[in-house]
Amino acid sequence: MQAIILAAGMGKRLGRYTKDATKCMVSVNGKTLIEHTIEALAAHNVSRLIVVTGYRSAVLTNFISKKFSAENLNGMKIEYIENTVYDKTNNIYSLYLARNEMVKDDTLLLESDVIFKRELIANLIKRKEKNLAVVSPFEPWMDGTCTLLDKNGNITGMLDKAHFKWSDIKDYYKTVNIYKFSADFSKHYYVPFLEAYQKAFGKNEYYEQVLKVLSFLSGTALKALIIRGDDWYEIDDPADLAIAENRFAKGKEKLTLLQKRYGGYWRFPQIKDFCYLVNPYFPPENMVHELAANFHTLLTHYPSGAAQQSLLAGKIFNVLPEHIAVGNGAAELIASCAPMITGTVAIPYPTFNEYPERLAHVEIASVPVHAKNFSYTASNIIKTARKENARAVLLINPDNPSGNFLAKKDVLQLCSELKKQNALLIFDESFIDFAQKEKRYTLIDEAVLCDNPNLIVIKSISKSYGVPGLRLGVLASADTACIKKIQKQNAIWNINSFAEYYLQIYDKYKKSYEAACDLVAAERARFIAQLKKLPHVAVFPSQANFVLCRLDGAISATKCATVLLEKYNIFIKDLSAKHGFERGSFIRFAIRDANDNNMLLNALQTILK
């Protein structure tokens with residue numbers, strides 16, 4: 001078995017990464033792509049390797065000769081063919097230059113910008129089928145040639161961009177650009193068609209087009225070897241490189257890289273996200289379909305300004321429009337509100353980091369919390385506010401990440417006491433809709449706001465309503481001057497048309513939302529009961545859509561999070577770096593649906609043994 005690597009391309013989209021080197025010399029987690037590939041081939045007894053070079057050919061050949069000796073190549077010999085017109089041709093010409101080598105032996109054909117798990121080569125070689133194309137079920141991030149398969153795994157067609165249909169993606173398999181061809185297939189089919197195709201259409205084409213033609217001919221059966229999406233990645237630009245490093249990192253580094261992304265996890269569809277907090281039961285399917293049906297209209301029209309957004313939000317929460325502002329997520333409203341706050345601010349710790357980071361200009365007074373369970377009362381807050389002469393108090397209720405919960409009467413009493421000392425209460429109720437039905441309440445209420453002009457209520461629509469991609473949040477206060485300042489500080493189009501339309505149609509789905517919150521509360525109770533059965537886990541009470549836990553065994557929070565991610569594709573919140581959790585034994589789980597939660601429970605059962 002021999003191999004051919006096509007490595008002539010310039011990799012322009014990688015910018016500075018290919019300024020002084022070739023595309024395949026880009027490093028992924030400390031090792032270049034060409035090293036990954038050559039090591040995989042040498043480890044599986046490939047006897048001969050032909051590298052088709054082009055851009056910075058001498059740089060690449062020198063790099064390979066320095067990195068690999070006869071000893072670490074396991075007897076594999078490396079030869080080179082140079083494409084001197086690499087800047088005027090595409091990969092069909094690079095492969096054409098190696099056509100005479102293809103017919104000498106069974107061949108693995110690879111492109112140099114793909115990283116893959118090493119066992120793929122072993123699987124490809126040992127498979128009895130003589131001619132194989134490695135493919136992967138299509139995922140939304142993918143681009144390029146796709147294949148169609150019959151029930152026996154034969155490739156029956158290949159689609160380019162011109163014939164791609166999003167409505168049919170369930171039937172598509174993306175080419176990984178790794179193939180196995182027998183010498184007989186190359187000699188009698190592929191090379192003759194390669195020569196004819198290039199003669200007819202020129203050198204600026206792609207070799208997949210030849211396979212597309214062959215897929216329609218009987219007797220040239222090309223079968224598919226299907227692999228998972230997280231077994232490979234094609235690197236064309238810096239964003240691809242970052243994702244590849246995430247996918248192929250090991251241990252704690254894999255966890256750290258994923259944490260630094262702060263979202264965008266649709267590029268990692270194999271991962272179950274128990275870190276970020278989203279309602280798993282809302283929006284309903286009908287609402288999604290309504291948004292989808294209006295996609296083109298919303299995409300091609302500007303959204304309204306702040307006044308119209310306030311009218312829509314006021315209708316949803318039954319408050320006057322001058323008492324509510326809409327933001328690009330609660331994060332924007334926190335950032336807009338923070339400069340208005342002066343003096344000392346009392347905050348129970350641990351807390352949601354966004355607030356103290358935005359309040360770096362003021363003095364923070366920590367409200368004492370129970371040392372073992374992080375609980376506190378309204379009285380604890382009042383005492384601290386009086387002692388520190390606080391000008392404001394921040395209360396997240398239920399609190400994130402502890403899950404601590406204060407009843408409505410206690411919060412209103414707190415607000416009343418703060419009013420006496422001319423202090424604000426900033427009340428974040430982003431998780432309050434997940435409380436048990438008998439405990440659930442809201443302070444976005446016209447009577448409550450008017451009775452408490454020192455009250456500012458912030459609510460994340462993203463978390464409660466299951467639409468984080470829309471980036472929606474609201475801030476409510478009877479202080480109209482505060483609302484006007486918020487609206488003036490924000491951009492005129494701070495939310496997009498999709499978010500505005502969501503606000504417009506929400507009332508039709510209000511009952512579905514209430515039912516979804518009831519489902520979360522019920523699943524939380526079941527999930528907590530099951531967590532309590534696990535060894536070495538202390539489970540904290542919660543009225544939110546997450547649960548705080550402490551690991552009391554030998555495994556640390558970081559180790560637990562790392563193993564869950566690496567072995568089970570489960571991403572949880574490791575709280576080791578958070579103020580208040582310095583002991584490194586605290587983790588937080590988002591509440592997902594029962595199937596996903598059971599998957600997590602089973603993984604934890606194995607890990608914690």
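Everything quoted here is computed from the prediction, not taken from an experiment.
Counting only distance, with no hydrogens or angles, the side chain of Y55 and the backbone of T18 share a donor-acceptor pair below 3.5 Å. The closest donor-acceptor contact from the side chain of T37 to the backbone of I34 lies at 3.5 Å or more, if one exists at all. The main-chain N or O of T175 is never found under 3.5 Å from a side-chain atom of T145 such that the two would form a donor-acceptor pair. Although no hydrogens or angles enter the test, the distance criterion places no donor-acceptor pair under 3.5 Å between the side chain of K203 and the main chain of T89. Of the possible polar contacts, one joining the N29 side chain to the E245 backbone as a donor-acceptor pair under 3.5 Å is found.
Atom NZ of K578 sits in a crowded spot, with more than 12 heavy atoms from other residues, nucleotides or ligands closer than 6.0 Å. For Y80, the OH atom sits in a packed shell: over 12 heavy atoms of surrounding residues, nucleotides or ligands are nearer than 6.0 Å. In the displayed structure, K252 atom NZ is contacted under 6.0 Å by at most 12 heavy atoms of other residues, nucleotides or ligands. Counting heavy-atom neighbours within 6.0 Å of K174 NZ, excluding the residue itself, gives a total above 12.
Counted by atom type alone, Q270 and E139 present one or more donor-acceptor pairs between their side chains at under 3.5 Å. Using modelled atom types, one finds a donor on one side chain and an acceptor on the other under 3.5 Å when comparing S576 with D574. Under the 3.5 Å distance criterion, with hydrogens and angles disregarded, no donor-acceptor pair is assigned to the side chains of T53 and E82. Between the side chains of Y179 and E208, no donor-acceptor pair of N or O atoms lies under 3.5 Å. Side-chain contact check for D150 and T156: no donor-acceptor pair (N or O, by modelled atom type) lies under 3.5 Å.
Contact check on K23 versus D236 returns a salt bridge, with a Lys/Arg side-chain nitrogen under 4.0 Å from an Asp/Glu carboxylate oxygen. Classification of R127 and E129 as a salt-bridged pair holds, one side-chain N sitting under 4.0 Å from a carboxylate O. With respect to D240 and R247, no salt bridge is recorded, no charged nitrogen being found less than 4.0 Å from a carboxylate O.
Residue T558 holds its OG1 atom at 9.5 Å from CG of L575, rounded to the nearest 0.5 Å.
Side-chain atoms of L49 and F68, non-hydrogen and from C-beta on, never get closer than 4.5 Å to each other. The side-chain heavy atoms of F274 and D596, taken from C-beta on, include a pair separated by under 4.5 Å. Contact of the M25 side chain with the V59 side chain is registered, since non-hydrogen atoms from C-beta on lie closer than 4.5 Å. L222 places none of its side-chain heavy atoms less than 4.5 Å from the side chain of L214. With a 4.5 Å cut-off on side-chain heavy atoms, L211 and F181 count as touching. Side-chain contact between L604 and C560: present, with at least one pair of heavy atoms (C-beta onward) separated by less than 4.5 Å.
Between F193 and Y197, a ring centre-to-centre spacing not shorter than 6.0 Å is recorded. Taking the six-membered ring for Trp, Y265 and F571 have ring centres closer than 6.0 Å. Ring centers of F248 and Y233: at least 6.0 Å apart, outside the cut-off. Aromatic ring centres of F498 and F295 lie closer together than 6.0 Å.
Taking each heavy atom of M1 and V46 in turn, the nearest pair found is O-CG1, 3.5 Å.
Taking the six-membered ring for Trp and thresholds of 30 and 60 degrees, F164 and F138 have ring planes inclined between 30 and 60 degrees apart. The aromatic rings of Y502 and Y465 lie perpendicular to each other, with more than 60° between the two planes, well past the 30° mark.
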